[in-house]
Amino acid sequence: MWLGFCGLLALSAPAWAGEESQSHAALPSSETASTQRSSSLSCLQDGGDQGARGVGQDAAPAQFEYIQIETSDIARHELFFEKILQAERRETIDHPQKDAIRGYCYRHVHVVIRQDVQHPRPTGWVQLNFEVPDARAVHAELSQISERSLPATMSEEERQQVVRFKLKPEVTRGHRKAVRLEVYGPEGFLIGFDQYTAAP
């Protein structure tokens with residue numbers, strides 16, 4: 001799956017029942033995404049015909065493997081995932097003069113970061129969204145981690161190229177209101193945390 005320039009993935013927390021046992025392994029078929037969205041917005045409803053399911057989709061739920069994004073600076077993504085998110089690194093591959101690949105497991109989602117050495121591409125706009133019970137608590141935790149984890153020698157401009165936070169006390173997401181935390185990573189990579197409160 002290539003999402004080098006633009007992508008969007010919305011997941012409830014926990015998004016999956018368990019993590020992969022090895023890099024790029026498919027999730028067991030018994031593990032499916034959960035969602036709190038209304039039936040009109042849900043992609044998990046039983047489809048009635050091929051058009052409703054989409055071309056190439058079978059009646060059974062597909063097995064989500066991983067999301068892969070491109071970057072022109074993999075070092076910043078390493079700081080973001082390892083220092084800020086404290087995600088587990090599952091994969092390290094370096095092909096000299098070709099590419100560098102890092103695989104992380106974050107909130108049960110396997111995220112693969114790749115830098116093409118000869119033709120590096122900036123990430124662009126890629127967004128992962130999680131539903132959480134307390135967005136403000138996530139904000140407080142990640143803010144504290146960023147303060148103590150990033151090198152003290154980094155300037156404020158350099159820090160903002162790795163991570164920035166924006167807490168929105170009230171936004172409308174679909175048909176509901178939410179407290180939303182947006183965590184901006186390198187090169188347009190964004191993770192959103194939505195705490196749903198009530199219907200608008």
Worksheet entry | Closest approach of R114 to R121 (non-hydrogen atoms, all atoms of both residues) | NH1-NH1, 3.6 Å
Fill in: Any donor-acceptor pair under 3.5 Å from Q115 side chain to S72 backbone
yes
Worksheet entry | Within one Ile-Leu-Val-Met-Phe-Trp-Tyr cluster: V171 and L167, side-chain cutoff 4.5 Å | no
Practice prompt. State, to 0.1 Å, how close P169 and V179 come at their nearest heavy-atom pair, and which atoms those are.
Written response: O-CG2, 3.3 Å
Worksheet item: Hey, mind stepping through D116 and H119 against side-chain contact (heavy atoms from CB on, under 4.5 Å) and telling me if it holds?
Response: CA-CA 5 Å; D116 188 309; H119 305 286; 4.0 Å; yes
Worksheet item: Is the closest side-chain heavy-atom distance between D94 and I101 below 4.5 Å?
Response: no
Item to complete: Nearest 0.5 Å please: distance from the OH atom of Y66 over to the CD atom of E91.
Response: 8.5 Å
Item to complete: Using a strict cut-off of less than 4.0 Å between a Lys/Arg side-chain nitrogen and an Asp/Glu carboxylate oxygen, indicate whether R89 and E78 qualify as a salt bridge.
Response: yes
Discussion item. So which atom in S146 and which in R159 form the shortest heavy-atom distance, rounded to 0.1 Å?
Written reply: O-NH1, 3.4 Å
Discussion item. Is there a side-chain contact between F80 and Q161 in this structure, where contact means two heavy atoms from C-beta onward sitting under 4.5 Å apart?
Written reply: no
Worksheet item: What heavy-atom pair brings R76 and V162 nearest, and what distance separates the two atoms?
Response: O-CG1, 4.2 Å
Worksheet item: In terms of ring plane angle, is the pair Y106 and F130 parallel, tilted or perpendicular, where the classes change at 30° and 60°?
Response: perpendicular
Worksheet item: Quick one: does T123's side chain have a donor or acceptor within less than 3.5 Å of a partner on E70's backbone?
Response: yes
Fill in: Verdict with reasoning, V183 to L142, per side-chain contact (heavy atoms from CB on, under 4.5 Å)
CA-CA 9 Å; V183 182; L142 292 180; 3.9 Å; yes
Discussion item. Could you check whether F189 and F81 have their ring centres less than 6.0 Å apart?
Written reply: yes
Worksheet entry | Approximate separation, where rounding is to 0.5 Å, of L79 CG and D73 CG | 9.0 Å
Fill in: Student check: side-chain heavy atoms of Y196 and K177 closer than 4.5 Å
no
Worksheet item: Quick one: do R180 and E182 make a salt bridge, cutoff under 4.0 Å?
Response: yes
Discussion item. As a quick check of understanding, evaluate side-chain contact (heavy atoms from CB on, under 4.5 Å) for N129 and R173, giving each step before the final call.
Written reply: CA-CA 11 Å; N129 291 301; R173 301 281 291 170; 3.6 Å; yes
Worksheet item: Looking at side-chain heavy atoms only, is the closest gap between V109 and F64 below 4.5 Å?
Response: yes
Item to complete: Please round to the nearest 0.5 Å and tell me the distance separating atom NE2 of H108 and atom NE2 of H110.
Response: 14.0 Å
Worksheet item: Which residue pairs pass the ring pair (Phe, Tyr, Trp, His ring centres under 6.0 Å) test when at least one of the two sits in residues 140-168, sequence neighbours left out?
Response: H139-F165
Discussion item. In the structure I gave you, are the side-chain heavy atoms of Q97 and H95 within less than 4.5 Å of one another anywhere?
Written reply: no
Discussion item. Can you give me the closest heavy-atom contact between Q86 and I145, atom names plus distance?
Written reply: NE2-CG2, 3.7 Å
Worksheet item: Between OG of S149 and CD of Q144, what distance do you get to the nearest 0.5 Å?
Response: 10.5 Å
Discussion item. A side-chain contact here means heavy atoms from C-beta on lying under 4.5 Å apart; do L181 and I191 qualify?
Written reply: no
Worksheet entry | Salt bridge present between D194 and K168 (N-O < 4.0 angstrom) | no
Worksheet item: Should I113 and I69 count as side-chain neighbours, where that means a heavy-atom distance under 4.5 Å?
Response: yes
Worksheet item: Is any side-chain heavy atom of Y104 closer than 4.5 Å to a side-chain heavy atom of R90?
Response: no
Worksheet entry | Minimum heavy-atom distance between I74 and R102, given as atom pair plus value | CD1-CG, 3.6 Å
Worksheet entry | I93-V117 co-clustered via ILVMFWY side chain contacts under 4.5 Å | no
